[in-house]
Amino acid sequence: MQNSLPPLGWLRTFEAAARNLSFTGAARDLNMTQSAVSQQIKSLEGHLGQPLFLRRPKALELTEAGITYLPVVREAFRTLVRGTQAVTGAQQNAVQVQCNISFAVNWLAPRLPAFQAEHPDVHLNIFTELWEPREMAEGASVEIRFSLRPADTVRTELLRQEYYYPVCAPSFPVTLDTLQQQPLFDCSNLLSNWASWAEEQGLNWEKPTITYATTYLVCLSAAMAGGGLCLAHDAIAGHLIEQGLLVAPFDHRAPMPEAYYLLLSPQAEDNPGAVAFANWIRREIG
């Protein structure tokens with residue numbers, strides 16, 4: 001039986017290549033060269049006796065065999081994770097949590113003392129992302145994702161719908177009439193942006209100058225320093241407003257197409273700590 005199984009490393013490489021649909025993306029995730037990834041996939045295909053990918057000029061596609069094999073490989077890795085946790089005893093108190101860095105810093109971190117006081121035996125390992133990931137990180141039990149509706153590859157539930165609005169330092173002078181002339185900051189690649197907020201307000205803007213960043217942290221820091229205004233929502237700016245570090249100078253708040261979702265991996269239900277953290281998140285963010 002052992003001789004009929006391919007090496008674990010080949011399977012890990014296959015999963016990464018299938019997740020990215022790219023040998024280059026798999027190489028980045030696994031800290032390998034693209035040629036090494038390609039060679040391992042060829043070796044795995046030779047071992048199985050059939051191709052797993054269709055090599056297109058600019059993309060990969062899974063073959064029928066690849067589509068069939070991928071969930072088997074993923075479940076095998078999940079079983080290994082659960083089995084390792086059972087052997088080490090980690091399933092009772094270690095929880096891998098994945099979320100974007102702005103949410104981790106501005107919402108989760110200020111509330112961690114309350115969670116730790118309520119669940120002193122649960123140990124959290126927090127992984128942060130700048131961009132919405134395609135899937136949960138391997139080994140993660142819980143993810144809080146800010147996104148349009150994620151694909152239901154794992155158990156997914158809506159946590160919180162948000163409304164967005166401009167914020168600035170308390171002493172920053174601004175009115176709706178002068179807003180377009182002010183320095184404006186925004187997080188890139190979101191549907192909730194200055195153009196959509198201005199349209200909601202009925203403002204006829206031509207081409208305002210906007211500085212974009214890959215994370216809300218940069219925008220909020222610039223606003224707190226008196227550098228201008230940025231768009232925000234309660235999950236990332238609420239506690240800064242409560243502390244008097246930011247103010248919302250206008251009453252208008254627009255609904256966001258994006259929202260916060262809770263994603264739970266299949267092994268989360270076997271982890272009491274993950275169940276406790278998920279229940280706590282539901283209560284606190286609601």
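Just so it is clear, the structure is predicted and the values come from calculations on it, not from any experiment. Here, residue 1 is the first one in the sequence, and each next residue gets the next number.
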Same cluster or not: are [X] and [Y] linked, directly or through other Ile, Leu, Val, Met, Phe, Trp or Tyr residues, by side-chain heavy atoms under 4.5 angstrom apart?
X    : Y    : result
L54  : I41  : no
L8   : L48  : yes
V218 : V167 : no
V275 : I144 : no
V97  : F115 : yes

Inset, instruction - Return yes when atom CD of Q161 has more than 12 non-hydrogen atoms of other residues, nucleotides or ligands closer than 6.0 Å, and no otherwise. - result: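 For Q161, atom CD is crowded (more than 12 foreign heavy atoms under 6.0 Å).
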Legend entry - Atom CD of E157 with >12 non-hydrogen neighbours under 6.0 angstrom: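 More than 12 heavy atoms, drawn from other residues, nucleotides or ligands, come within 6.0 Å of this atom.
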Does [X] have its ring centroid less than 6.0 Å away from the ring centroid of [Y]?
X    : Y    : answer
F146 : Y261 : no
F277 : H123 : no
F103 : Y260 : yes

Any donor and acceptor pair, going by atom type alone, linking the side chain of [X] with main-chain N or O of [Y] inside 3.5 Å?
X    : Y    : answer
S196 : S192 : no
E162 : A235 : yes
T63  : P51  : yes
N271 : A94  : yes
T211 : F185 : no

Hey, what do you get for [atom1] ([X]) to [atom2] ([Y]), rounding to the nearest 0.5 Å?
X    : Y    : atom1 : atom2 : value
N100 : T128 : CG    : OG1   : 8.5 Å
T156 : L264 : OG1   : CG    : 8.0 Å
L191 : M256 : CG    : CE    : 9.0 Å
T24  : Q34  : OG1   : CD    : 4.5 Å
H252 : L176 : NE2   : CG    : 10.0 Å
L245 : S221 : CG    : OG    : 10.5 Å

Are [X] and [Y] close enough that some pair of their side-chain heavy atoms sits under 4.5 Å apart?
X    : Y    : result
L203 : Q180 : no
R55  : F23  : yes
C230 : L184 : no
E45  : Q50  : no
E199 : Q201 : no
L159 : I281 : yes
F127 : I101 : no
H233 : Y163 : no

Legend entry - Salt bridge present between R283 and E118 (N-O < 4.0 angstrom):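 Salt bridge present between R283 and E118.
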Legend entry - Presence of salt bridge, E143 and R155, under 4.0 angstrom: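 The answer is no: the pair does not qualify as a salt bridge.
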Inset, instruction - Would you check, one step at a time, whether the test side chain to side chain contact (heavy atoms under 4.5 Å, CB included) holds for L217 with N106? - result: CA-CA 8 Å; L217 290 180; N106 291 307; 3.2 Å; yes
Closest heavy-atom pair and its distance - [X], [Y]:
X    : Y    : value
I67  : P71  : O-CD, 3.1 Å
L158 : A259 : CD1-CB, 3.6 Å
S22  : L60  : N-CD1, 3.7 Å
C168 : G228 : CB-O, 3.7 Å
H119 : A276 : CE1-CB, 3.7 Å
L220 : I236 : CD1-O, 3.6 Å

Inset, instruction - For a side-chain hydrogen bond (donor to acceptor under 3.5 Å, both in side chains) with D234, tell me which candidate from Y165, Y164, W107 qualifies. - result: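 Output: one option passes, namely Y165.
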Inset, instruction - Apply side chain to side chain contact (heavy atoms under 4.5 Å, CB included) to R282 and L262, showing your working. - result: CA-CA 8 Å; R282 293 184 185 100; L262 177 68; 3.7 Å; yes
Legend entry - Verdict with supporting geometry, L5 and W10, side chain to side chain contact (heavy atoms under 4.5 Å, CB included): CA-CA 10 Å; L5 295 176; W10 295 359; over 6 Å; no
Legend entry - Check: T175/T178 side-chain N/O donor and acceptor closer than 3.5 Å: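 Yes, T178 and T175 have a side-chain donor paired with an acceptor closer than 3.5 Å.
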Legend entry - Ring geometry between W197 and F250 (parallel below 30°, tilted from 30 to 60°, perpendicular above 60°):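 Rings of F250 and W197: tilted, as their planes differ by 30° to 60°.
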Inset, instruction - Take L21 and E61 through the side chain to side chain contact (heavy atoms under 4.5 Å, CB included) test and state the conclusion after the steps. - result: CA-CA 7 Å; L21 288 178; E61 291 181 18; 5.8 Å; no
Inset, instruction - Would you please test F53 and F14 for ring pair (Phe, Tyr, Trp, His ring centres under 6.0 Å) and show each step? - result: CA-CA 10 Å; F53 293 99; F14 165 64; 5.7 Å; yes
